[in-house]
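Structure incoming, see below.
As the structure lists them, so they are numbered: ligands from 1, and atoms in each ligand from 1. The first residue in the sequence is number 1, and the count goes up from there.
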Amino acid sequence: MSVSDISNIAKAAETDINSSADFAGLEFIRVKYLGRQGIVAGLFTDMRNLSQEERPGFGKKLNELKNSLTSLIKEKQASFKKASVIDNAFDPTLPGVAADTGSLHILTQTIEEICEIFAKMGFSVIEGPEVETEYNNFTGLNIPLEHPSRDAFDTFYLKGKNGQQKSDGKLLLRSHTSPVQVRLMKSVKPPVAAVVPGKVYRPDATDASHSFMFHQVEGFLVDENIRFSDLKGVLDLFLHNLFGGEVKTRFRPHFFPFTEPSAEVDVSCIICKGKGCSTCGRKGWLEILGSGMIHPNVFKHVGYDPKKCTGFAFGMGVERIAMLKYGISDIRMFFENDLRFLKQF
Ligand code: DAH
């Protein structure tokens, strides 16, 4: 038993520690050297056999050995811990983290539901640009120059490059999806039946029921001998599909420049079933869409012969429908991107 034995043991222990491959192997080595029955403990016991003079020097070396092995083992443990964190990232046996798949926005879902009902009746689903000409948005739809909706307070007008204007008027952000009627009828001959979902823009101050941008679905059908009863039948079927077979529908005379005759269409209140509540303003009816027989002037603008063809058109606000269907009280919720709201649908 001598000091040189200690340095041999130190070398052997270092080799053992360095070559250990994992926590379990290292623990085995720790117990072998530093355990209660281990080599170091054995050497402390053996000190009894040394002379009084030898003991302090040997004891000091032995303590140094114990401390250096302890810190070597700690270092090695730390290196395993680091590696295991990295390994764990790829551990295929761990339960997986569920992927956040997301879902369609409630407005997209509502648009799809509306369009699907019409698609089943044979309508095509088409889209048009959000930047429109003044002609398509107004003139082609028989909306006269002096109509208040053409005022800059009610429509976002755009300045062309270097203030240039197109021959068919200024450019603007469309204030409704109806201009796609003009676009499609100019490019195809009747019969035609289409629904047009999309964004529209109006310079309204934002509040619980107004937004400068919202969504509409426009629809129209043109052929020979299309009658008001066709309009009623199609919209009746649509509203029953959307709100349930039990709702009643009501066609109220109204005025739109692009249809004649025109009607606003109501459904019996889906909240109070027609009895009268705060949602329907105690009327028992909810206004859902505008509609009518396409005005002969619109046909003239697009090059259709008003003596030969007739047709109907309708337009509805998507936010309003979603708010009624899902009991949403503030239009701003659709656009704030608050996941607590969006995740409910
Ligand atoms: N364009 C109208 C609006 O934005 C909605 C509308 C009403 C469209 C009647 C139509 C219609 O096609 O016939 O308020």
Side-chain angles (χ1 to χ4, degrees), residues 111 114-115 118 123-130 132-144 147-151 153-156 172-186 192-204 209-222 226-236 238-239 249-267 286-299 301-302 304 306 309-321 331:
I111 287 171
I114 292 168
C115 291
F118 285 107
F123 285 74
S124 314
V125 181
I126 61 163
E127 288 182 49
E130 289 164 29
E132 256 304 356
T133 60
E134 197 176 15
Y135 178 86
N136 287 341
N137 198 80
F138 295 123
T139 315
L141 289 165
N142 196 38
I143 302 176
H147 194 275
S149 68
R150 293 183 74 144
D151 197 282
F153 289 110
D154 291 298
T155 301
F156 286 112
L172 46 76
L173 293 180
R174 66 179 178 191
S175 57
H176 50 176
T177 40
S178 309
V180 187
Q181 279 189 42
V182 180
R183 286 180 172 270
L184 189 69
M185 288 194 266
K186 270 193 166 172
V192 44
V195 282
V196 187
K199 291 184 170 68
V200 301
Y201 301 84
R202 292 180 193 177
D204 286 331
S209 53
H210 293 86
S211 164
F212 64 88
M213 184 281 298
F214 57 100
H215 298 76
Q216 287 187 333
V217 176
E218 177 82 11
F220 55 102
L221 182 151
V222 184
I226 299 298
R227 299 149 303 171
F228 196 85
S229 54
D230 295 312
L231 158 72
K232 284 189 82 174
V234 165
L235 292 182
D236 222 55
F238 162 67
L239 292 167
T249 59
R250 177 171 85 168
F251 291 72
R252 262 184 303 107
H254 198 76
F255 172 80
F256 296 107
F258 28 89
T259 45
E260 181 59 34
S262 307
E264 275 192 332
V265 186
D266 302 339
V267 293
L286 300 167
E287 179 201 321
I288 300 296
L289 48 82
S291 66
M293 301 306 288
I294 296 175
H295 198 289
N297 287 349
V298 175
F299 286 143
H301 275 296
V302 300
Y304 281 12
C309 53
T310 50
F312 60 79
F314 52 88
M316 65 196 90
V318 179
E319 280 77 358
R320 177 169 166 76
I321 288 174
I331 196 170

Check whether any side-chain N or O of S149 sits under 3.5 Å from a backbone N or O of D154 as a donor-acceptor pair, and report yes or no. no
Sub-4.0 Å heavy-atom environment of ligand 1, residues by chain: H176, S178, Q181, R202, Q216, E218, F256, F258, T259, G290, S291, G292, A313, F314, G315
Less than 4.5 Å apart, side chain to side chain, heavy atoms only: is that true for V182 and E132?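 Contact flag for V182/E132 side chains = no.
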Which pair of non-hydrogen atoms, one from T133 and one from N136, has the smallest distance, and what is that distance?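 Reported closest heavy-atom pair: OG1-N, 3.1 Å.
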Between R320 (side chain) and E287 (backbone), is there a donor-acceptor pair under 3.5 Å? yes
Using a 3.5 Å distance criterion without hydrogens, assess whether the side chain of N137 forms a donor-acceptor pair with backbone atoms of P179.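 No, the answer is negative, given that no donor and acceptor are paired below the 3.5 Å cut-off.
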Show me the donor-acceptor pairs within less than 3.5 Å that the side chains of residues 193-203 make with the rest of the protein, sequence neighbours left out.
residue: Y201; atom: OH; partner: E130; partner atom: OE1; Å: 2.6
residue: R202; atom: NE; partner: S175; partner atom: O; Å: 2.9
residue: R202; atom: NH2; partner: S175; partner atom: O; Å: 2.9

